[in-house]
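What follows is a short report on a single structure.
Naming convention: chains lettered A, B, ... in sequence-line order (proteins, then strands); numbering from 1 in each chain.
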Amino acid sequence: MIKRLIWSAIIFALLITICLLPREHPQISHHQRFTKIAQSGNPLLPWQGPWACVLDNKHKVLWEVKTDNETIHDGYWTYSWFDGQHGKSNFGDCYFEPNRCDTDDLIRHTNKQGLCGQHNWRLPSAEELNSLVQDPSSPSQPFIANDYFLHIKRGDYWSSEHNITLPSQYRHHGKGATAINFHFGKPGILPYRNAAFVMLVADIPTANTHPQLSRRATIKQHQ
Amino acid sequence: MDRQTFIIFHILAIVVVIGSMLTGLRIAIVSQDWLSPVSVLLPQGQMHLWHLGFGVTITLIIACYLWYSFTRPFRSVQSKYHKIINYLGYSSLLLISLSGWMIWANLFTDTARTMHQFAIWMMCFYLFLHSWIYIIQNGRTVLRVLLPKRTSIRHIGLVCSILTASIAGLFLIKSSTQQLTVLTINDATFIDIDGKANEDAWQKATPISVMTIGGANFKQGATEVTIRALANKYESYFLISWLDETKSTNHLPLLKTRSGWQVQENGFYNYDERTFYEDKFAVMLSDGCEAGGDKTLHLGDNPIKNKPKNWHGKGYHASLDGKTRDLWHWKAVRTNDMYLADDNFIGPPAQHLSGQRRYTAGYQPDGKESGAYVMNWQWYTPNGIVPKRLPEHALQTSPSHDSVLPWFGSRPYDASHDRYPIGTLLSSVLYRSNRFEGDRADVRARGEWQNGRWTLELVRKHNTQSQYDVALKTGTCMWVSAFDHAQVAHTRHIQAIKLRYSL
């Protein structure tokens, strides 16, 4: 009987120990393509924030992350397509310019600011922008990874591809530029004067001169 | 009853009681945190149907055993100790069964739930004093007594009969419902969605009452919900009221401390806030009527295969059968001033997004064209936050954290303007624009709290044609849940409420 009592005590103690073992929390999993980058240029873990840019490991570029804080990066601002020579200047809506806004204004201000330590911000190519299109995660979301790209509207985003003949309904406006629509996940050609959204991109040099952006592999998962 | 028949009953009872306890404990953990250490030993997933099935089988075993005992009693040789202890077992089984059926039938549910829990601990005590003592006394020889030596066709027939009757009984009761008759009103009858319910039509509608249990902060975790329904040719109206001693609109207020702004919370980090949260109410609609939320409840910290764990360990809502369940989520701060309930749905488990810390499985909002409330922090951490916006005018002494901060009455946060004294409280909810527009705004709603009771009026088109909504028609089933300043710890009930229209 003593043997049975001892075995009972052992089994009981084992059960108690199993119950009192610390519970595992949900685990962080890294995105295969994107990394959050803080305003300072430092990489962040997937659950950390706030972040100002997203490092795209596929195209080796940094993407501007939109905000809702009424700065130059606010996701509500719209821009007409203009590169200083071609296009239509000041036909979009924003608060940060005395006149209205165009894509050149956002590029100039962002390079001056040095967002995420970069001064080479530009409009993305249609291919780069189109590569962000993916099925939405829920009905209200745009066709993009909305866990990394915040405040993206279900509307048109300008690419750098321009001097393209417009579809027949816009033909009287002459030439236009390619925009990607994140409501439908499809490209389209719009007149330069159209007020569309913008998400800028910056190239990361092959031999990265920005030490913080190459640290992704060294980030350890932590709670 | 011969010894072999008794052994068959005994084995069946062991299996069913253990199954019932394991599934019951999993259900109990949803509302009783102190049980969470045993979570690791319990099954996960859809537990309610299993629990109901075990309940049916226990009842049948009790009935058969009683019939045998009265007609052909089994005479066993037992010590006085075990005879006395057996009475504890019999009484706890009876109490478990009786209280379980009372909860299912919505009869004195709050009292029955307490009885059910008390009976479970009686049963645990009995199992310890009965089984463990037998094992200590007799060791392995217990198995010789426990296991049948020979089984006849009669015994196999008995087991098969009980199991068949259990499955049949489960099928009969799993879709049993309470009926809510929807009173037809003239298209010209005006119902103001103001939470006051002072239209005559409401008095003519027949109310039903459902005792909902298992919620945080309510007295004994329970509150009785009364529901009336009206319908004209186009829309259905619901008047819902429930007892809630406190009006809670103090939703995650932001407190200015020496080290900056801090979110006032007690569980928000694990998405289970139970102190600093608004009151809420949820209505789920489904074409199916299966007891316990029509297969949408998946209990445990990791109940859905290949999906992430949840932070609070309670479970997820999702529909694994691919059907959409509609979910109206009225929120006393975030949606009440929009005169809306948040139109959400429960669908298949969503894709896991690596950049989002919280995973909500099948619980998702309907799509919207515009409009939103947003939280007034740039990034949440439990150690402190920076507000998105501050009021344009200095905070009054009135409790401004109880209301919504309007976008166009505030300005973007600027550290140089943040001269608020330590102890200042600020609202955490910002209305980015007036209200939702689109699919998410299908349900108009307004709640008013008075004298310890919320009164909520809701209205929606019978059929919105949205793939994320369920049409309101005869046979549509409904479940309701109240939240007393709790994020997820809501009350619940077992049987569905089935709508009956006379249109």
For B/Gln364, which atoms come within 4.5 Å of any heavy atom of chain A: side chain, backbone, both, or neither?
side chain

In terms of heavy-atom proximity below 4.5 Å to chain B, should A/Phe149 be classed as side chain, backbone, both, or neither?
neither

Is it the case that the ring center of A/His109 lies less than 6.0 angstrom away from the ring center of A/Phe96?
yes

Which class fits the ring pair A/Tyr192 and A/Trp81: parallel under 30°, tilted 30 to 60°, perpendicular over 60°?
tilted

Given the ring of B/Trp311, does B/Arg358 sit roughly above its face, with NZ or CZ under 6.0 Å from the centre of the six-membered ring and within 45° of the axis?
no

Check each atom of B/Leu41 against the heavy atoms of chain A and say whether the ones under 4.5 Å are side chain, backbone, both or neither.
side chain

Has B/Arg357 got its NZ or CZ under 6.0 Å from the middle of the six-membered ring of B/Tyr269, at an angle within 45 degrees of the ring axis?
yes

What's the spacing between A/Gln113 CD and A/Gln39 CD if we round to 0.5 Å?
5.0 Å

Chain A heavy atoms under 4.5 Å from B/Asn310: which part of the residue, side chain, backbone, both or neither?
backbone

Under a 4.5 Å heavy-atom cut-off, does chain A meet the side chain of B/Phe345, its backbone, both or neither?
side chain

Heavy-atom distance under 4.5 Å to chain A: side chain of B/Asp301, backbone, both or neither?
side chain

With respect to chain A, which residue among B/Gln378, B/Gln467, B/Gln351, B/Arg389 yields the maximal number of heavy-atom pairs within a distance under 4.5 Å?
B/Arg389

For chain A, which candidate among B/Val374, B/Val38, B/Leu353 shows the most heavy-atom pairs at distances under 4.5 Å?
B/Leu353

Applying a strict 4.5 Å limit to non-hydrogen atoms, the region of B/Arg432 in contact with chain A is side chain

Does any backbone or side-chain atom of A/Trp51 lie under 4.5 Å from a heavy atom of chain B? Answer side chain, backbone, both or neither.
side chain

Give a yes or no on whether the ring-centroid distance for A/Phe197 and A/Tyr79 is below 6.0 angstrom.
no

Step through it carefully: locate the ring centre of A/Trp77, locate the ring centre of A/Tyr95, and say whether they are under 6.0 Å apart.
yes

Would you call the rings of B/Tyr126 and B/His130 parallel, tilted or perpendicular if under 30° counts as parallel and over 60° as perpendicular?
parallel

In terms of heavy-atom pairs under 4.5 Å, which option from B/Gly139, B/Ser36, B/Pro308 contacts chain A the most?
B/Gly139

Please classify the contact between B/Tyr468 and chain A as side chain, backbone, both or neither, with a heavy-atom cut-off of under 4.5 Å.
side chain

Using non-hydrogen atoms and a 4.5 Å limit, figure out which bit of A/Lys36 sits close to chain B: side chain, backbone, both or neither.
side chain

Residue A/Gln141 versus chain B: region with a heavy atom under 4.5 Å
neither

Anything under 30° is parallel, anything over 60° is perpendicular, the rest tilted; go ahead and classify B/Tyr134 against B/His82.
parallel

